[in-house]
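Let me begin by presenting the structure, written as structure tokens, before commenting on it.
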Amino acid sequence: MNLTVRGVHYNPSDETRAFLDKKLAKLSFAEDYLHDLDIVITRQTLGQGYHLDAKLHFSWGTVKVVSYDCIELYEGIELIADKIEAVARKEKEKVKEH
């Protein structure tokens, strides 16, 4: 799985990347069929907070997008990691059914 982390109006620090890697370690079950994972962290210009987008590219060509808005970055990373895991499991079940 290729992981790409980008920031818009924000530079992801090494600490942020390490935390993200730790949270995404639970995606090890999806290594075989999750080809790319692109995460974009956008710092909101109006008000405070962050917008996280994750684009999951599956090996059979399906692309799923998961988004989350949050005030605290690390809380948002935890929640989007849970959403990514749920989407990956659901997509795997859909493919197994067919």
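The shown structure was predicted, so the numbers you read here are calculated from the model rather than taken from an experiment.
More than 12 heavy-atom neighbours from other residues, nucleotides or ligands sit within 6.0 angstrom of CD on Glu31.
When side chains are defined from C-beta on, Gln44 counts as touching His51, because their heavy atoms get closer than 4.5 Å. In this structure, Asn2 and His35 have side chains that are in contact, with non-hydrogen atoms separated by less than 4.5 Å.
Tracing side-chain contacts under 4.5 Å through hydrophobic residues (I, L, V, M, F, W, Y), one reaches Leu79 starting from Tyr74; they form part of the same cluster. Linking Ile, Leu, Val, Met, Phe, Trp and Tyr whenever their side-chain heavy atoms come within less than 4.5 Å puts Phe29 and Leu20 in one cluster. Note: the hydrophobic cluster containing Val40 does not contain Leu52 (ILVMFWY, side chain heavy atoms under 4.5 Å, direct or indirect links).
Rounded to the nearest 0.5 Å, atoms OG1 (Thr62) and CG (Leu34) are 11.0 Å apart. The distance from the OG1 atom of Thr42 to the OH atom of Tyr50 is 11.0 Å, given to the nearest 0.5 Å.
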Report task. Decide yes or no on side chain to side chain contact (heavy atoms under 4.5 Å, CB included) for Ile77 and Phe19, but give the supporting numbers first. Result -> CA-CA 8 Å; Ile77 290 173; Phe19 185 75; 3.7 Å; yes
Report task. Could you please spell out the steps behind the side chain to side chain contact (heavy atoms under 4.5 Å, CB included) verdict for Leu56 and Val66? Result -> CA-CA 8 Å; Leu56 294 84; Val66 179; 3.9 Å; yes
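Judged as a side-chain hydrogen bond (donor to acceptor under 3.5 Å, both in side chains), and not counting sequence neighbours, the contacts of Tyr10 are Thr16. Residues passing the side chain to side chain contact (heavy atoms under 4.5 Å, CB included) test with Gln48: none are found, sequence neighbours excluded. Asp32 pairs by the side chain to side chain contact (heavy atoms under 4.5 Å, CB included) definition with nothing, not counting sequence neighbours. In terms of the side chain to side chain contact (heavy atoms under 4.5 Å, CB included) criterion, residue partners of Leu3 (sequence neighbours excluded) are, by chain and number, Val5, Asp21, Leu24, Leu37, Ile39.
Sorted by first then second residue, the salt bridge (charged side-chain N to carboxylate O under 4.0 Å, His left out) pairs that include residues 47-76, not counting sequence neighbours, are Lys64-Glu91.
At a threshold of 4.0 Å, the pair Asp82-Lys23 does not count as salt-bridged, since none of the basic side-chain nitrogens sits closer than that to a carboxylate oxygen. With salt bridges taken as basic N to acidic carboxylate O contacts below 4.0 Å, one links Arg89 and Glu85.
Between Tyr33 and Trp60, the ring-plane angle classifies as parallel under the 30° and 60° cut-offs.
Side-chain contact of His57 with Asp38: a donor-acceptor pair under 3.5 Å is present, judged by distance alone.
Apart from Val65 itself, the hydrophobic cluster it occupies contains nothing, where clustering links Ile, Leu, Val, Met, Phe, Trp and Tyr at side-chain heavy-atom distances under 4.5 Å.
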